[in-house]
Amino acid sequence: FSGMVSAMDEGVGDITRTLQEEGLYDNTIIVFTTDNGGPVYEGASNFPLRGNKNTLWEGGTRAVSFITGPGLKSRVSEDLIHVTDWVPTLVSAAGGKAEILETLDGVDQWTSLVNQTIGPRTEFL
């Protein structure tokens, strides 16, 4: 696991450096997100959360994400953001109209991310 984290860190550094060298970094949104919890039956630990991958407990549903880009200030948020929210959120961030994506389950979170307000999602499952 630590080897993969080191490789990812190096890769992200390379991409970030290239974006800066090409003058694209200040107009780029970078998102990293994980999937659901780790499989405890294969040695993963989701402690202190209960449950694991393929369960409805927080250990199987809660994950971390990171987003950086123009207009975003540094903060830690505990708002509910589901993986389905990324498409409408990024469409909105790019200046598009997220509301035309009416067949998607996702919620546009862009305004709450920029303004550092509580996000619009009120339920997760």
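Counting non-hydrogen atoms of other residues, nucleotides and ligands closer than 6.0 Å to CG of L49 gives a total above 12. In E99, the CD atom is crowded: over 12 heavy atoms of neighbouring residues, nucleotides or ligands sit closer than 6.0 Å.
Note: the hydrophobic cluster containing I118 does not contain I81 (ILVMFWY, side chain heavy atoms under 4.5 Å, direct or indirect links). The cluster map of Ile, Leu, Val, Met, Phe, Trp and Tyr, joined by side-chain heavy atoms under 4.5 Å apart, puts V83 and W110 in the same cluster. Linking Ile, Leu, Val, Met, Phe, Trp and Tyr whenever their side-chain heavy atoms come within less than 4.5 Å leaves V107 and L90 in two separate clusters.
Rounded to the nearest 0.5 angstrom, I15 CD1 and Q20 CD are separated by 12.0 Å. With rounding to the nearest 0.5 Å, the separation of NE2 in H82 from OG in S65 is 11.0 Å. R62 CZ to R50 CZ: the interatomic distance, rounded to the nearest 0.5 Å, is 15.0 Å. Interatomic distance, K73 NZ to N115 CG, rounded to the nearest 0.5 Å: 8.0 Å.
Residues L104 and V87 approach most closely at CD1-CG1, 3.8 Å, considering heavy atoms. The two residues I67 and L113 come nearest to each other via the heavy atoms CD1-CD1, 4.3 Å. Summarising the geometry of G51 relative to W57, their closest heavy-atom pair is CA-CE3, 3.7 Å, with the distance given to 0.1 Å. Taking both residues in full, the closest heavy atoms of I29 and P70 are given as CG1-CD, 4.1 Å, listed atom of the first, atom of the second, then distance. Heavy atoms only, all atoms of each residue included: T34 and A63 are closest at OG1-CB, 2.9 Å. The two atoms that bring R121 and D85 nearest to each other are NH2-OD1, 2.6 Å, heavy atoms only.
With T18 contributing its side chain and D14 its backbone, the two residues share a donor-acceptor pair below 3.5 Å. The main-chain N or O of N52 is found under 3.5 Å from a side-chain atom of T55 such that the two form a donor-acceptor pair. Distance alone, capped at 3.5 Å, is enough to place a donor-acceptor pair between the Q109 side chain and the L80 backbone. Of the possible donor and acceptor atoms, none in the side chain of N27 sits under 3.5 Å from a partner among the backbone N and O of L24.
Not counting sequence neighbours, the partners of F66 by the side-chain contact (heavy atoms from CB on, under 4.5 Å) test are F32, T68. For N54, the side-chain contact (heavy atoms from CB on, under 4.5 Å) partners at least two apart in sequence or on another chain are Y41.
Counting heavy atoms from C-beta on, the side chains of V91 and I100 never come closer than 4.5 Å.
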In sequence, state the C-alpha distance, the side-chain angles, and the governing distance for I30 and V12, and then conclude on side chain to side chain contact (heavy atoms under 4.5 Å, CB included). CA-CA 10 Å; I30 299 172; V12 170; 5.8 Å; no
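Residue pairs meeting the salt bridge (charged side-chain N to carboxylate O under 4.0 Å, His left out) criterion with at least one member in residues 104-114: none, sequence neighbours excluded.
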